Amino acid sequence: MQVVRFSTLRTPPGFDLTIQRFNGSTIHSTVQRLKLCPATLILGPMSAEKPNPERKTLDERAKMSELERIRHSCAHVMATAILRLWPEAQFAAGPPVENGFYYDVDLPHRISPEDFPKIEEEMKKEIKANHIFEKKIVPREQAIQDAQSGRLGGLTERPGNPSKFKIGNLEDIPEGEAISYYQNGDFIDLCAGPHVMRTGNIGAFKLTSVASAYYKGDERNPQLQRIYGTAFKNKTELEAYFTMLEEAKKRDHRKIGQEMGLFAIDTEYVGPGLPLWLPKGAAIAEELEKLAKETEFAAGYRIVKTPHIAKEKMYLTSGHLPILYAESMFPPMRLLEGDEEKREQEAFARMVDIRELKKKLDENSTEAKELEKNFRRLISEIDLLGTKYYLKAMNCPHHHRIFAAEPRSYRDLPLRLAEYGTCYRYEQSGELFGLMRVRSLNMNDAHIYCTTEQFAQEFNAVNEMYLKYFKIFGIEKYVMRFSTHDPSRLTGDNAKFVNEPELWKKTEDMVRDTLKNSGINYVEVPNEAAFYGPKIDVQVWSVIGREFTLATNQVDFAVPKRFGLVYRDKDNIDKTPLCIHRAPLGTHERFIGFLIEHYAGNFPLWLAPEQVRVLTIGDEAPLVDYAKAIVKELRSNMVRAEADFTTNPIKAKIQDAETAKVHTMLVIGPRDMQAGNVSLRVHGKGNLGAKPKADVIAEILCAIKERRG
RNA sequence: GCCAAUGUAGCUCAGUGGUAGAGCAACGGUUUCGUAAACCGUCGGUCGCCGGUUCAAUCCCGGCCAUUGGCUCCA
């Protein structure tokens with residue numbers, strides 16, 4: 001096994017990006033040919049033990065760049081400064097990260113950005129003192145003792161305030177591995193290094209934000225305050241970094257989406273995470289859908305349409321309910337039939353009575369407890385009344401019922417059912433993020449039912465479809481992630497995966513072989529599979545560096561069986577098909593959010609919300625008539641063309657069109673009209689001069705048809 | 001969901017314990033102009049919502065909602 005770290009994904013040249021964690025897991029891969037496009041890889045061996053994702057191996061540490069050492073050292077300096085201000089602070093982990101460093105600290109005082117100046121002041125003192133980062137190897141017993149005395153991650157011994165997180169960190173250090181301290185001035189930290197020579201080697205730094213994080217990334221652990229900062233070799237680089245951040249913010253899809261009028265999120269009337277597609281944004285979605293429909297029709301997919309809701313039984317059968325996926329689904333709506341409504345009202349009335357009675361009693365009395373029991377029984381009684389309907393969070397169960405709607409023969413396979421519909425997922429409020437993470441999802445979804453023999457070819461075809469799409473959009477920076485199951489989670493309280501050990505092995509091997517044989521680069525991530533089978537996700541990064549799954553391709557060997565899906569094989573025996581869930585364009589929301597940032601709003605002609613704007617110089621009637629005819633011709637050819645025939649000066653009209661990121665501007669003045677020309681101007685390319693009207697229109701139609709970048 | 005910060009006009013943002021401004025946008029008019037902003041005027045806000053303190057709250061305090069930055073989770 002190898003740990004994979006890679007750099008420079010969505011950061012500008014010269015800035016080192018290290019991704020240590022990948023959805024909570026360290027990236028593993030068994031492959032040697034780890035040339036992930038186009039990320040640079042640094043490989044290092046990994047210990048046989050299940051890794052703590054926070055922990056780097058010694059080998060990885062040895063390879064830390066100068067910049068990482070500066071940042072890591074700066075984290076220690078920050079801890080030193082925080083301790084000068086709040087000596088009781090307890091520290092957990094303080095590594096360098098993609099664009100800087102952080103240190104997790106437990107402290108009753110809530111550190112806010114207002115505290116940054118005084119922390120930075122202390123840090124400057126520590127840097128000015130130019131202390132040496134002194135390394136010391138100590139026996140484990142001494143380390144434990146120093147942690148208990150509060151000396152680790154402290155300036156002095158702190159009786160009664162042991163370094164509790166350092167004790168936990170010590171446990172993660174394998175037996176036999178050297179335990180080392182680093183000391184700068186009074187500050188001693190349990191740390192494997194490496195550091196710069198002296199605190200004075202930290203060139204320029206700045207604290208950036210404060211957040212919270214669970215100790216060791218586990219939500220059962222205490223929440224710590226995570227103080228983020230960044231550091232560079234010198235002030236120039238530090239300033240360049242902040243300039244870059246400002247630039248990145250300008251292409252944030254939320255900002256551009258607002259400016260260009262692509263979508264709106266009306267939290268008051270519609271709800272958080274439920275974007276409204278404005279006409280211009282919807283136009284992009286339509287284009288994506290058109291691309292998908294053309295591609296999929298040619299590849300033998302058939303479109304189906306299904307309702308947005310289904311009975312509870314559907315999801316109990318699929319396994320999404322009662323527990324596994326319940327949190328991610330909107331609560332059900334219930335339809336009461338017959339006398340159920342009456343029974344419900346009676347139960348409610350009784351509940352009110354019970355509450356009143358209970359108020360008069362001592363909470364711990366037997367009678368109160370009995371009433372409480374009755375109250376709960378009534379709740380569960382009500383819960384059982386009526387038929388529950390759920391908003392669908394995925395299309396697969398509906399598609400399974402389509403499979404079941406007719407008798408199937410092996411001759412029908414592979415059966416590829418595609419749907420362009422909306423699903424609804426109840427994402428946690430803190431997860432919502434512009435278009436990238438929403439609660440209503442328009443999916444380019446399909447399910448392929450096939451035999452084991454057909455699997456490899458079908459699975460490959462899906463992967464090729466991704467790559468074809470990515471080429472069209474010029475998406476080059478992505479990582480394919482192959483998620484497998486964790487055998488220890490097939491049964492028991494912590495069970496996450498269907499208990500079919502052999503099928504897991506078989507399908508995972510199939511996927512791995514398919515990937516290897518097709519030469520696709522990927523990383524393998526244990527324990528991240530869907531509950532019904534292994535999957536491949538395509539990971540990309542938003543402009544502010546947040547990671548997202550764009551496309552997905554999943555194997556399902558479990559759910560078709562639960563629905564009793566079968567086809568009659570050649571040997572006259574009924575067999576269960578495999579199912580491939582795939583969404584090469586992910587959801588429209590996320591894909592478009594990504595594309596907005598990818599293109600910085602400057603969409604290619606075929607995708608541009610407003611493809612052409614015709615601008616007249618002045619508003620004389622004959623000129624306007626000439627221009628109107630051009631708009632009409634374009635529109636009758638399905639070109640999204642708008643007109644600006646106002647009396648504003650042409651400079652102002654061009655300014656408006658450029659600001660709106662209109663792809664092609666056709667400027668028409670009296671001279672053009674007389675010659676049967678239009679003056680062509682393309683967004684970002686400036687004035688391309690006068691050309692015959694017919695030629696320009698033909699070229700526009702051609703470029704759209706060919707989806708030219 | 002958790003931790004923190006933020007919430008002033010459609011947008012970007014000033015500002016104050018004595019019920020608010022600017023630029024852009026929008027609208028009306030003047031201008032008839034050749035490739036990134038012509039000129040004049042008008043409209044526009046229960047200062048996120050609810051409650052508390054106060055003679056008086058947009059400002060201080062509390063709760064809620066939403067957003068942002070993270071964590072956890074995911075397409």
Side-chain angles (χ1 to χ4, degrees), chain A residues 21 23-24 97 102 104 110-114 208-215 217-228 252 254-255 258-259 261 264-268 271-273 325 327-328 393-394 423 425-438 441-445 528 530 535 537-540 544-554 581-591 593-594 615-620 623 646-659 665-672 679-681 683-684 686-690:
Chain A
R21 299 189 59 220
N23 254 5
V97 287
Y102 67 79
D104 286 344
R110 318 266 15 148
I111 294 176
S112 86
E114 282 172 21
T208 51
S209 64
V210 55
S212 88
Y214 300 104
Y215 179 52
D218 190 329
E219 62 183 326
R220 288 165 300 189
N221 285 340
Q223 249 185 345
L224 307 171
Q225 303 187 62
R226 178 168 290 181
I227 319 295
Y228 280 93
D252 189 313
R254 294 167 294 187
K255 185 174 164 63
Q258 159 84 268
E259 287 165 354
I265 297 181
D266 179 351
T267 56
E268 191 181 355
Y325 206 77
E327 268 186 13
S328 299
M394 68 295 294
C423 293
R425 295 186 187 171
Y426 188 78
E427 299 294 341
Q428 299 184 96
S429 59
E431 299 310 327
L432 301 175
F433 177 64
L435 282 182
M436 301 288 209
R437 194 73 182 273
V438 292
L441 307 75
N442 281 280
M443 299 234 276
N444 156 228
D445 201 10
E528 294 290 329
K535 64 177 181 178
D537 293 322
V538 181
Q539 302 299 111
V540 296
I544 60 166
R546 208 176 283 188
E547 182 193 336
F548 288 100
T549 299
L550 201 63
T552 186
N553 187 10
Q554 313 180 350
H581 305 236
R582 37 110 289 167
L585 296 175
T587 65
H588 292 348
E589 286 75 13
R590 185 173 290 178
F591 203 83
F594 175 79
L615 319 170
T616 54
I617 300 172
D619 67 343
E620 300 293 353
L623 196 65
T646 59
T647 67
N648 289 335
I650 191 63
K651 276 184 177 232
K653 294 191 189 190
I654 285 170
Q655 165 82 20
D656 287 349
E658 290 281 358
T659 310
M665 286 148 275
L666 302 181
V667 177
I668 297 169
R671 290 208 297 271
D672 300 297
S679 285
L680 181 64
R681 182 184 173 99
H683 178 56
N687 185 5
L688 303 179

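Keep in mind it's a predicted model, so treat the numbers as computed, not measured. In what follows, every chain begins at residue 1, and chains take the letters A, B, ... in the order their sequences are listed.
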query = Hey, does A:K535 reach any base, or is it just sugar-phosphate, or nothing, if we go heavy atoms under 4.0 Å?
reply = sugar-phosphate
query = Would you say a side-chain N or O of A:R110 is under 4.0 Å from OP1 or OP2 of B:rA4?
reply = yes
query = Once you round it to whole Å, what is the distance between P of B:rC74 and OH of A:Y325?
reply = 9 Å
key: Atom pair distance, as rounded to whole Å: CE in A:M436 and P in B:rC74   = 19 Å
key: Phosphate contact (B:rU68 OP1 or OP2) by A:R254 side-chain N/O below 4.0 Å   = yes
remark   = Ranking A:I111 and A:M443 by the position along RNA chain B of their nearest nucleotide, the one closer to 5' is A:I111
ask   = To the nearest Å, how far apart are A:E528 CD and B:rU72 P?
value = 11 Å
message = Base contacts versus sugar-phosphate-only contacts with protein, heavy atoms under 4.0 Å: please encode nucleotides 27-39 of chain B as B, S and - from 5' to 3'.
response = ----BBBBBBBB-
key: Atom pair distance, as rounded to whole Å: CD in A:Q225 and P in B:rC3   = 12 Å
query = Can you tell me how far P of B:rC74 sits from CG of A:L550, to the nearest Å?
reply = 17 Å
query = Using a cut-off of 4.0 Å on non-hydrogen atoms, how would the nucleic acid contact of A:Y228 be classed: base, sugar-phosphate, or nothing?
reply = sugar-phosphate
query = Could one point to a donor on the side chain of A:Y102 or the base of B:rG69 with an acceptor on the other under 3.5 Å away?
reply = no
ask   = Touch check for A:T267, heavy atoms < 4.0 angstrom, all strands: base, sugar-phosphate only, or nothing?
value = sugar-phosphate
ask   = Touch check for A:L615, heavy atoms < 4.0 angstrom, all strands: base, sugar-phosphate only, or nothing?
value = nothing
query = For RNA chain B, whose closest nucleotide is more 5', that of A:R425 or that of A:A211?
reply = A:A211
task = Report the distance from atom CG of A:D252 to atom P of B:rU67, rounded to the nearest whole Å.
result = 14 Å
task = Specify the separation, in whole Å, of atom OH of A:Y426 and atom C1' of B:rU72.
result = 15 Å
ask   = Rounding to a whole Å, what distance do you find between A:E259:CD and B:rU12:P?
value = 9 Å
